[in-house]
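Lettering of chains follows the sequences in order, A, B, ..., and the numbering in each one begins at 1.
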Amino acid sequence: MLRAEHLSKHYRQGEATITALTDFTYDFPPGATAVVGPSGSGKTTLLNLLAGFDRPSTGSVELAATKLETLDEDGRADVRLRHAGFVFQSWNLLPTLTALENVSFPLLLAGVGRSERNQRALPLLEKMGLAARADHRPNQLSGGEQQRVAIARALALEPAVLFADEPTGNLDSAAGAQVLDLLLEHASGERRLVLVTHDLQIAARAQRVLHLRDGRLTKIEEL
Amino acid sequence: MELLVLVWRNLTARLTRSTFTWLGIAVASASMVLFLSFGEGLRHALAAEMGNMGPQIRVVAQGTDAFSPPLPELPPQMLEQIKQLAPELGIEKVIPAVVMFRGGFDPASSFLFYGLPPGADPRDFYPKAQVAAGRIDPHPSGAVVGSKKAELNHLTMGKELRLSRDVKLPVVGVLKPAGSMLDSFIFVPLRTLQKVLGTKNYGVFLVQLDPDAKPEEVAQKLEEQIPGIDAQSTTEALKFAERAMRIGDLIRFGISLVALVVGGLLVANTVMMSVYERTREFGVMRAIGARRRFIFGLVLSEALFLALAGGVSGVIAGYVGSALINLYTQHAVGLALSAVTPRLVFFSMGIALALGLIAGLIPARNASRIPVTEALGRV
Ligand SMILES: Nc1ncnc2c1ncn2[C@@H]1O[C@H](COP(=O)(O)OP(=O)(O)O)[C@@H](O)[C@H]1O
Ligand SMILES: [Mg+2]
């Protein structure tokens, strides 16, 4: 599950206080939920709070039956490792590791042994159509390929929630479409996908769209 | 194991920088090992020397410093005074001797002559001394030469040895190698050397004691009863030398500390730069679910790895350097003056690791404390 209640985030900047998110309450159902809004509307701030990267000023987040505000940094990291996967706009991969090692990385953090890691990571790369690229470093991969490796990595521990922040933002339309298809394909069953984008066409591929404006949830659109 | 792969990948990804850092630490460690190996070598040489020495007390004129040959400043009546005290103090034998040093810039042109009275021979200095050729007693008029000295100056049996313009002695004996200072000495009759120096005085009295006499006590009594002398037992001399050597160690360690600090700063700089460049990477790791400790351990391991690699190479380089030095000193004076002992190896490795630890702690702490959102924000 993924649920936010009365979530607010204020940033202090000198004397002034910037409100990035105000009173956001929503219980994310299974499937793909897009979050749209113009630049600066609070999309990334929301994702940071939902994923436990940052603490809310007020309100609470419940991820996989755990209230994140009851946990410290490392506690939230543990929850992310087990229950959440991430695909960012760019610069997702660890540059000194091969594609296969990048996909294996969450398994390594979870204490899975080397041979089992490879056994589990390789099929994921295959699913992303990247079996032939397993031993390539990120700088030997195209942007689309890098994003697909990132998706494979996000899926490595079969998380309940996938978070994607502008995952197609740096890709051409063909590569973007492929990445989007793969993300949506894996947002099936009980799994949830939170897809942050400013592109309404991409958002339209989700099952519902949350509209943010000036840090407020202004509209929930079921498709 | 897994962590090591990550460490290795990152260090090799910045190969030039890592290599220079590694070299820097290696040079620092090597210089420390080399500096300190002298102390260790001298200590070994000294222990061997003292173990080989015969006389239990050396008497020299007051004010003679411990590291230069004693001048002939002990008048004959002092010898009589000591002989008078002999029965009372438990002195078995007193050997008056004269030492003459003719220095040059290298071992081959330096000569250390010992003038011994009739009835005394090199075995009174070094009980284990043995001849390789000829006889061991320089009397009535010959020279007995240590093995190293014989080799360096091609002194074979019968060769003439010139002590001054008009005093010459034939080589009548060549000693077997003893692995100590003995190998560089030349023993001649006392009278001959006194004539060369134009004196009737002595430079040193070598005092041998009865088995149950206590060297320290006898030395003290001698100093009390005969003004103007320094009497030193072998064990005291050893203690004194050990103290002098410890001071030497400290000075050498101080000098090498400069190199070590530079090495430590190199590691700190390398690791800090690498941390700064990888902020985004750490952000991704934390986002995926890495704990702070993981990042901390990763960065600290890099510093330790660099320090360890530099330390190991430094010790190896120091060992090679020390062997080269010994090659020379062994050729020159027949002694290995430099020694890389196990405790020196452990000490150097410990210092290298401590440096890595100190240099790595702050960057590691910083890296593990960057907020996730900030780390992800920086591209
Ligand atoms: N660390 C921060 N410090 C100060 N203000 C911030 C910080 N992060 C975001 N903001 C502000 O909060 C608002 C929402 O930002 P963000 O969530 O990044 O929007 P979006 O992702 O929709 O473009 C913006 O006005 C932004 O300037
Ligand atoms: Mg954003």
S.K.: If you look at every heavy atom in A:L49 and A:L21, which pair is closest and at what distance?
M.R.: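 Here A:L49 and A:L21 meet closest at CD1-CD2, 3.8 Å.
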S.K.: So does A:T22 get a backbone contact from the side chain of A:R216, meaning a donor-acceptor N/O pair under 3.5 Å?
M.R.: no
S.K.: Closest approach of A:L100 and A:A121, non-hydrogen atoms and distance?
M.R.: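 So the two residues come closest at CD1-CB, 3.7 Å.
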S.K.: Residue by residue, scan residues 283-296 of chain B and write down, ordered by number, those that have a heavy-atom distance under 4.5 Å to chain A; if none do, write 'none'.
M.R.: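 If one takes a 4.5 Å heavy-atom cut-off, the residues of residues 283-296 of chain B near chain A are B:V284, B:M285, B:R286, B:A287, B:I288, B:G289, B:A290, B:R291, B:R292, B:F294.
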S.K.: For atom OH of A:Y11, decide whether the heavy atoms of other residues, nucleotides or ligands shown that lie under 6.0 angstrom number more than 12.
M.R.: yes
S.K.: Above 12 or not: heavy atoms from other molecules or residues under 6.0 Å from CD of B:E277?
M.R.: yes
S.K.: Check A:R3 with A:E5, please: is the shortest side-chain N to carboxylate O separation under 4.0 Å?
M.R.: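 Result for this pair is yes, salt bridge flagged.
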S.K.: Looking at chain B, which one of A:A51, A:P106, A:P95, A:G52 has the largest number of heavy-atom pairs inside 4.5 Å, strictly under?
M.R.: A:P95
S.K.: Taking the basic N atoms (NZ, or NE/NH1/NH2) and the acidic carboxylate oxygens, is any pair closer than 4.0 Å for A:R137 and A:E101?
M.R.: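 No salt bridge links A:R137 with A:E101.
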S.K.: Who in residues 69-88 of chain A is close to chain B, using a strict under-4.5 Å heavy-atom cut-off?
M.R.: A:E73, A:D74, A:A77, A:D78, A:R80, A:L81, A:F86, A:F88
S.K.: Please check if atom OH in A:Y26 has more than 12 non-hydrogen atoms from other residues, nucleotides or ligands closer than 6.0 Å.
M.R.: yes
S.K.: Do you know the tightest heavy-atom contact between A:H186 and A:K127?
M.R.: NE2-CD, 3.8 Å
S.K.: Hey, which residues of residues 7-23 of chain B are touching chain A, say heavy atoms under 4.5 Å apart?
M.R.: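 The stretch touches chain A at B:R9, B:N10, B:A13.
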S.K.: Take atom CD1 of B:I325 as the centre, draw a 6.0 Å sphere, and report whether it contains more than 12 heavy atoms from other residues, nucleotides or ligands.
M.R.: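 Correct, the count exceeds 12.
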S.K.: Say whether, by atom type as modelled, one donor and one acceptor occur between the side chain of A:E62 and the main chain of A:A4 under 3.5 angstrom.
M.R.: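 The answer is no, because no donor-acceptor pair under 3.5 Å joins these two groups.
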S.K.: For A:D214, does the CG atom have more than 12 heavy-atom neighbours from other residues, nucleotides or ligands under 6.0 Å away?
M.R.: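 Not more than 12 within 6.0 Å, no.
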S.K.: Report the residues that fulfil salt bridge (charged side-chain N to carboxylate O under 4.0 Å, His left out) with A:D54, sequence neighbours left out, ordered by chain and then residue number.
M.R.: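 With neighbours one apart ignored, the set is A:K9.
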S.K.: Quick check against the 3.5 Å criterion: does B:T270 have a side-chain atom that pairs as donor or acceptor with the backbone of B:L266?
M.R.: yes
S.K.: Heavy atoms only, distances under 4.5 angstrom: which of A:L109, A:L157, A:T44 has the most pairs with chain B? Name it, please.
M.R.: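 Most heavy-atom pairs within the cutoff with chain B belong to A:L109.
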S.K.: Under 4.5 Å heavy-atom distance to chain B, tell me which part of A:F163 shows up: side chain, backbone, both or neither.
M.R.: neither
